[in-house]
Amino acid sequence: DAAIHDRLETWYRDRELWTELAELMTRDAEALDDIPAVHRLRDAAAVYSGQLGQPLKAAEVLRKARQRAPQMPELVTDQAAALAAAGELDAAQRAVGEALATVQGEPRTSLLLLRAQFRQQLGDDASAVQDLTEAYELDKERVAEGLLAGLERLRTRAERDGDMPTERTATLKLAQLLIAHGDLERGRGHLVAWIERDPTLHKHLVQRHPGVRVLLGDAVHLQQLLKREGIAPVRAIVSSLPLLSMKKAIQHRIGAQIF
């Protein structure tokens with residue numbers, strides 16, 4: 001009866017028999033209605049994760065809880081966190097994806113942010129930006145900083161990998177977002193930094209101004225560009241670079257090329 005059950009649970013707790021306690025809680029849930037069962041399963045998951053250090057077992061129990069109450073997005077968060085703690089990041093982001101197929105409104109924003117976090121940890125910055133972009137449309141104030149950071153990660157990775165189309169798309173979106181949120185200098189800085197390296201624009205300028213030598217490159221490497229083209233030291237420089245909006249390290253590197 002209930003009294004014996006409670007005494008048994010207390011006995012397990014007092015003696016730190018955590019496995020037996022978690023199994024008892026899981027069995028209890030089988031005989032309960034959905035909401036009480038979910039609470040009991042979450043308690044069992046907390047024991048598996050906290051006392052036993054078995055996040056995969058916790059995730060398994062939370063999967064059962066989700067089956068009992070699929071309308072509770074917090075269960076998705078709990079299960080995904082347990083999977084991530086076990087190092088199963090791909091399984092974590094897939095679990096969130098399953099929930100996103102049916103969840104709408106404010107809970108959707110939280111789930112998109114969570115999946116973006118997992119995707120970033122997996123190195124899938126492009127997919128993370130897709131999630132952040134959708135979340136931004138749902139809650140601009142909450143997501144703006146995260147989307148800015150995600151776009152910068154994607155832009156930096158694309159630049160490192162020589163992926164010009166992705167770098168271009170990320171740079172333009174980043175600049176637009178910065179300008180939309182009032183940071184005009186940083187937005188313009190990103191645009192200028194891209195323009196000077198854009199091969200399509202370089203080709204257009206060469207065709208439009210056949211009498212002008214147009215170099216494609218980064219001002220950070222000005223001396224190398226001049227040497228490559230066989231250009232003697234220049235006597236004057238007219239610059240439209242928004243230097244003050246750039247990082248200090250970049251400012252110093254460009255300045256070292258000039259003087």
Is [Y] close to [X] at the side-chain level, that is, under 4.5 Å between some pair of heavy atoms?
| X | Y | value |
| --- | --- | --- |
| E152 | L148 | no |
| K227 | Q224 | no |
| E159 | M164 | no |
| Q223 | R228 | no |
| E134 | L132 | no |

To the nearest 0.5 Å, tell me how far [X] [atom1] sits from [Y] [atom2].
| X | Y | atom1 | atom2 | value |
| --- | --- | --- | --- | --- |
| L17 | Y12 | CG | OH | 7.5 Å |
| D125 | R155 | CG | CZ | 12.0 Å |
| R94 | E88 | CZ | CD | 8.5 Å |
| L41 | R66 | CG | CZ | 13.5 Å |
| D131 | D124 | CG | CG | 9.0 Å |
| M25 | R40 | CE | CZ | 4.5 Å |

Do the charged groups of [X] and [Y] touch, with an N to O distance under 4.0 Å?
| X | Y | result |
| --- | --- | --- |
| K140 | E137 | yes |
| R13 | E9 | yes |
| E20 | R15 | no |
| R27 | E30 | no |

Write down the atom of [X], the atom of [Y], and the distance for their closest heavy-atom approach.
| X | Y | result |
| --- | --- | --- |
| G150 | V129 | O-CG2, 3.5 Å |
| P107 | P73 | CB-CG, 3.8 Å |
| A128 | Q120 | CB-CG, 3.5 Å |
| A135 | L113 | CB-CD2, 4.3 Å |
| Q79 | A95 | OE1-CB, 4.0 Å |

Enumerate, atom names and distances included, each donor-acceptor pair closer than 3.5 Å involving a side-chain atom of residues 42-63, sequence neighbours excluded.
| from | atom 1 | to | atom 2 | distance (Å) |
| --- | --- | --- | --- | --- |
| R42 | NE | D78 | OD2 | 3.0 |
| R42 | NH2 | D78 | OD2 | 2.5 |

**OP:** Evaluate side chain to side chain contact (heavy atoms under 4.5 Å, CB included) for H5 paired with D28, printing each intermediate quantity in order.
**Re:** CA-CA 10 Å; H5 176 280; D28 288 346; 2.7 Å; yes
Subject >> R160 atom CZ, neighbour heavy-atom count above 12 within 6.0 Å >> reply: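 Yes, the 6.0 Å shell around CZ holds more than 12 heavy atoms from other groups.
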Original post:
Taking atom CG of D14 as the centre, does the number of heavy atoms from other residues, nucleotides or ligands within less than 6.0 Å exceed 12?
Top reply: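 More than 12 within 6.0 Å, yes.
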**OP:** Hydrophobic side-chain clustering at under 4.5 Å (ILVMFWY, transitive links): who's grouped with L89? Put none if nobody.
**Re:**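 Besides L89, the hydrophobic cluster comprises V76, V96, L100, V103, L111, L112, L114, F118, L122, L138, listed by chain and residue number.
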Original post:
How about R115 and S110: does a side-chain donor come under 3.5 Å of a side-chain acceptor?
Top reply: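 Result is no, nothing qualifies.
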Original post:
Between E23 and T19, is any side-chain donor less than 3.5 angstrom from a side-chain acceptor?
Top reply: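 No, no side-chain donor-acceptor pair sits under 3.5 Å.
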Identify each donor-acceptor pair in which a side-chain atom of residues 166-184 lies under 3.5 Å from a protein atom, sequence neighbours left out, and give them as a table.
| from | atom 1 | to | atom 2 | distance (Å) |
| --- | --- | --- | --- | --- |
| T166 | OG1 | D163 | OD1 | 3.3 |
| T166 | OG1 | D163 | OD2 | 2.7 |
| E167 | OE1 | R197 | NH2 | 3.3 |
| E167 | OE2 | R197 | NH1 | 2.5 |
| T169 | OG1 | P165 | O | 3.1 |
| T171 | OG1 | E167 | O | 2.7 |
| H181 | NE2 | Y136 | OH | 2.8 |
| D183 | OD1 | R186 | N | 3.4 |
| D183 | OD2 | R186 | NH1 | 3.4 |

